[in-house]
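Structure, as C-alpha cells:
Quick note on labels: first sequence line is chain A, next is B, and so on, each numbered from 1. Given the structure is predicted, the values throughout are model-derived calculations rather than measurements.
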2 protein chains.
Amino acid sequence: MDGKIVNLKSKIEIYKAMTDGANFADCPVRDVIHGINGKWSPLLVMALAEKPYRFGELRRLVPDISQRMLTQTLHELQRDGYVHREVFPTKPPSVEYSLTDLGRSMFVPLYHLVQWAELNHDAVRDARAAFDARM
Amino acid sequence: MDGKIVNLKSKIEIYKAMTDGANFADCPVRDVIHGINGKWSPLLVMALAEKPYRFGELRRLVPDISQRMLTQTLHELQRDGYVHREVFPTKPPSVEYSLTDLGRSMFVPLYHLVQWAELNHDAVRDARAAFDARM
DNA sequence: AGTGCTGGTCTCTTTTTGAGACTGCCAACA
DNA sequence: TGTTGGCAGTCTCAAAAAGAGACCAGCACT
C-alpha cells in the first residue's frame, strides 16, 4: 500500500532533523514528539478536541488514569502550549481545560494517526497473533 | 488555525474508540497507538522508512539508545508487523531490519505528525519559555 | 456533625528504562 | 599464537517513571 514515493528527500531531511544533536535536548523535533508522545497525552488531546472538560470530568472519562498522571499530563500539555487552563471562582472552584489554537493545529496530524490505528488495528492484531504463534 | 470543523462527528467516534473498554487491553485503538507511541519507535520507523538498516548501523545512527532498548523496540515493531527482520548467514551473521507494507502504511500519518513537529517546534519552545517565565 | 463534591498533593510500591559488562563466533593482525 | 575487533545480541543492577491510594482545604447540603 502507498506505493508512491512521497518526497524521499524530505523523509531523509526529517529523519536527520530527528537525529541531529544526538539527544533530545539538542533536537527540537524529537523534543516536540516526545511531548505529544506520552502515554496519556494523545488520549487527553483527543478528548479535549471534542470539547472542553473539567478535571473531574476527564478523570471520569478516562477511568484508568491516576489523578497523579492526569495532573501531570495536563500540566505538560499546558506548558507546551497545547492546552489552556482556566479557573472559575465557583463555590468549589472548578477548572476547565481546553485546546489552544496550537493544540487544535497539532490535533490534525494526531487525528490522522488515530484514524490509521482505527482502520488497521485488525492487521496489527493479526500480525501479533501470527508472531506469537511462531514462537 | 485550522478553523474548519473537520468531521466533528468522526472526532467523537474516534475518541469513543479510544475510551471504549476503559483500559488498553480492551481498546484496539489505544493498543495500536501505544505500540507506535514508544519512546524510540517513531525514531526507528523514520530511520527504516529511508532504507533498511542493520542492527549495528541503527545503534550508530541513534547514539543515545541503549542496546537493550534497541533490541526490545525492534522486537516490538516486528511483533506488531511494522518491521521485517532478516538474518543473513555471513561470517559474522548480519541482521537487516526493514519496513513491511504495514509499516510503510503507518509511516504516512506518522510522517505528517513529525512534519508538524518540525514546522511548529518554535511555537512549542516559545510556549514553554513563556510558561516557565510565568512561574 | 457528618457526608460529598471540588482539584489537586504526598507517599509508597511496582514497572520501565538506562548504563554497561558479558557472550560466542570468526577474521585480520602482529 | 596470542590479541584485537566487529557482529548481534543477553544479563544484571541502578535510576527514573508510573500506578495506587491516602490525604488536604473549603464549601454546601442534611
- [ ] Check side chain to side chain donor-acceptor pair (under 3.5 Å) between A:Arg68 and all other residues, then give those that pass, not counting sequence neighbours.
- [x] none
Open item on the list: Just the rounded figure in Å: distance from P of C:dG7 to CG of A:Leu61.
Closed with: 14 Å
Task: Euclidean distance, atom CD of residue B:Gln72 to atom P of C:dT17 [Å, nearest integer] - done: 6 Å
Open item on the list: Is the phosphate of C:dT16 approached by A:Lys39 (side-chain N or O, under 4.0 Å from OP1 or OP2)?
Closed with: no
- [ ] Could you check how far CE of B:Met69 sits from C1' of C:dA19, rounded to whole Å?
- [x] 13 Å
Open item on the list: Base, sugar-phosphate or nothing for B:Ser94? Non-hydrogen atoms, less than 4.0 Å.
Closed with: sugar-phosphate
- [ ] Apply side-chain contact (heavy atoms from CB on, under 4.5 Å) to A:Gln67 and list each qualifying residue two or more places apart in sequence or on a separate chain.
- [x] A:Arg59
Open item on the list: Can you see if the side chain of B:Tyr53 gets near the phosphate of D:dA8 - specifically, an N or O under 4.0 Å from OP1 or OP2?
Closed with: no
Task: Atom pair CD1/CE of B:Ile36 and B:Met106 - distance to nearest 0.5 Å - done: 4.5 Å
Open item on the list: Let's see if you can work this out: which of C:dT6, D:dG19, C:dT9 has an atom nearest to the side-chain heavy atoms of A:Arg60?
Closed with: C:dT6
Task: D:dG19 OP1/OP2 closer than 4.0 Å to side-chain N/O of A:Trp40 - done: yes
- [ ] Quickly work out the A:His75 NE2 to C:dG7 C1' distance and round it to whole Å.
- [x] 15 Å
Open item on the list: Measure CZ/A:Phe88 against P/C:dC5 and give the value in whole Å, please.
Closed with: 22 Å
- [ ] Using only heavy-atom distances, determine whether the side chains of B:Tyr111 and B:Gln115 contain a donor-acceptor pair under 3.5 Å.
- [x] yes
- [ ] Would you indicate what A:Tyr97 reaches in the nucleic acid, counting non-hydrogen atoms under 4.0 angstrom: base, sugar-phosphate, or nothing?
- [x] sugar-phosphate
- [ ] Scan nucleotides 20-30 of chain D nucleotide by nucleotide, 5' to 3', and note B when protein non-hydrogen atoms come under 4.0 Å of the base, S if they reach only the sugar-phosphate, - if neither.
- [x] B-----B----
Task: For B:Thr71, side-chain contact (heavy atoms from CB on, under 4.5 Å) partners two or more places apart - done: B:Phe55
TODO: Identify, between A:Gly38 and B:Arg59, the residue whose nearest nucleotide on DNA chain D lies closer to the 5' end.
DONE: B:Arg59
TODO: Apply salt bridge (Lys or Arg N to Asp or Glu O under 4.0 Å) to B:Arg128 and list each qualifying residue two or more places apart in sequence or on a separate chain.
DONE: A:Asp31, A:Asp80
TODO: List in chain and number order the residues that pass salt bridge (Lys or Arg N to Asp or Glu O under 4.0 Å) with B:Arg79, two or more places apart in sequence or in another chain; answer none if no residue qualifies.
DONE: A:Asp132
